[in-house]
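One structure is given below, encoded as structure tokens.
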Amino acid sequence: MRIERANMVKPHPPPVLCQLVEGRQVESVERRGKNILLGLSGMGLLHVHLGMTGNLFVIPDVRFRCLSARIWFELDDGKGLIFEDPRTLGRLRFYHRQEASGLLAELGVEPLSDQFTLSRFVELARSSRQPAKIFLMDQRRIAGLGNIYAAEALFRARMDPRKSLSRVSRKKLAALHQAIVEVLNQAVECAVKAYAKPGVFQEAEEFPCQVYAREGKPCLRCGHSIRRIHQGGRSTYFCPACQR
DNA sequence: ACATTATCCTGCACGC
DNA sequence: TGCGTGCAGGATAATG
């Protein structure tokens, strides 16, 4: 194992982490929200967060790692498990499996699972006085929505990102619930298509944003100019005319 | 206890 | 052409 960027690794210092990981077998691969969990032999767990620009993949020969490979593992057959991340906002942590359960308990409901019922969503929404956009990005409530998909879901449900969901009607919440599921399903579909294409250097199929990054452009639904505001230090894009 | 802001980091778009 | 500036993202720490 090699760690080029010490700040991508927590909580152990790189030499300690290497010692903890080397020689162990990957026994399982799971995902919870934006987190990837590699179960290791000996009750270890590698927790990978890709941040914004991170990527995790296996290459046929570890020597062919790419320029922005920040952390990599030489597998026992000579293949390489690469954690690349040009902007280095990704994180890699090692836990003993017992410690990890606490971390996972912090995470909210999986939006593409059958746990994400309308009733559950209504209950969550009614319990928060935060602006809708902030609420949707809170990983402790719903696990997996980031800045782009939160904006897209609100646009599709025609809802104002600045307003709290606490007193919104069940009918409107149903529309937002459905929009979240649709947006995420579409995002997954895009990713699957991109990776299904032959050739390593294929461009990833881009998610067709209807509102994100369209400041000043006409709303695709009503033609009004799209606005950009700041919420929680992040840009929010929305149509002030048809999102209410 | 809550809400807002700063921090990390690099690549890219932009203006002069 | 090239340089500087600002912005983008998620999570967490720090501040109000």
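Just so you know, these numbers use all the heavy atoms, side chains as well, and skip hydrogens, waters and symmetry mates. A, B, ... follow the sequence lines: proteins, then strands. Residue 1 opens every chain.
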Return the set of residues passing side chain to side chain contact (heavy atoms under 4.5 Å, CB included) with [X] (not counting sequence neighbours), or none when no residue passes.
X        : value
A:Lys217 : A:Arg214
A:Glu30  : A:Ser28, A:Leu37
A:Pro208 : A:Gln186, A:Cys190

With a 3.5 Å cut-off and no angle check, do the side chains of A:Ser41 and A:Glu27 form a donor-acceptor pair?
no

ring-ring contact (aromatic ring centres under 6.0 Å, His included): which pairs involve [range], sequence neighbours left out?
range                       : result
residues 143-173 of chain A : A:Tyr149-A:Phe207
residues 67-93 of chain A   : none
residues 104-148 of chain A : A:Phe116-A:Phe121, A:Phe116-A:His177, A:Phe121-A:His177

Under 4.0 Å from a heavy atom of chain A: give me the 5'-most and 3'-most nucleotides of DNA chain C that qualify.
C:dA8 to C:dT12

Test applied, side chain to side chain donor-acceptor pair (under 3.5 Å); reference residue, A:Asn35; option that passes from A:His47, A:Arg91, A:Gln139
A:His47

Give A:Arg228 one of three labels, base, sugar-phosphate or nothing, depending on what nucleic acid heavy atoms sit under 4.0 Å from its own.
sugar-phosphate

Select base, sugar-phosphate, or nothing to describe what A:Ser235 touches, counting heavy atoms under 4.0 Å on all strands.
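Sugar-phosphate, no base atom in range.
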
Between protein and nucleic acid, restricted to nucleotides 3-8 of chain B and to nitrogen or oxygen atoms under 3.5 Å apart, what atom pairs and distances do you find?
none

Check whether any side-chain N or O of A:Glu22 sits under 3.5 Å from a backbone N or O of A:Leu20 as a donor-acceptor pair, and report yes or no.
no

Which other residues end up in the same hydrophobic cluster as A:Phe238, if Ile, Leu, Val, Met, Phe, Trp and Tyr are linked when side-chain heavy atoms come under 4.5 Å apart?
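Same cluster as A:Phe238: A:Ile229.
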
Considering only distance and modelled atom types, tabulate donor-acceptor pairs under 3.5 Å from the side chains of residues 165-173 of chain A, sequence neighbours left out.
unit_1: A:Ser166; atom_1: OG; unit_2: A:Ser164; atom_2: OG; d: 2.9
unit_1: A:Ser169; atom_1: OG; unit_2: A:Lys172; atom_2: N; d: 3.2
unit_1: A:Lys172; atom_1: NZ; unit_2: A:Arg244; atom_2: O; d: 3.4

Scoring nucleotides 10-15 of chain B by protein non-hydrogen atoms under 4.0 Å (B base, S sugar-phosphate only, - none) yields B-----

Show me the dot-bracket string of DNA chain B, counting Watson-Crick or G-U pairs under 3.5 Å, with | for pairs to another strand and [ ] for crossing ones.
..||||||||||||||

Does the pair A:Glu182/A:Arg156 count as a salt bridge with the N-to-O cut at 4.0 Å?
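Between A:Arg156 and A:Glu182 there is no salt bridge, as every charged N stays at least 4.0 Å from the carboxylate O atoms.
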
Lys/Arg-Asp/Glu bridge criterion (N-O < 4.0 Å) met for A:Glu123, A:Arg141:
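No, this pair does not count.
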
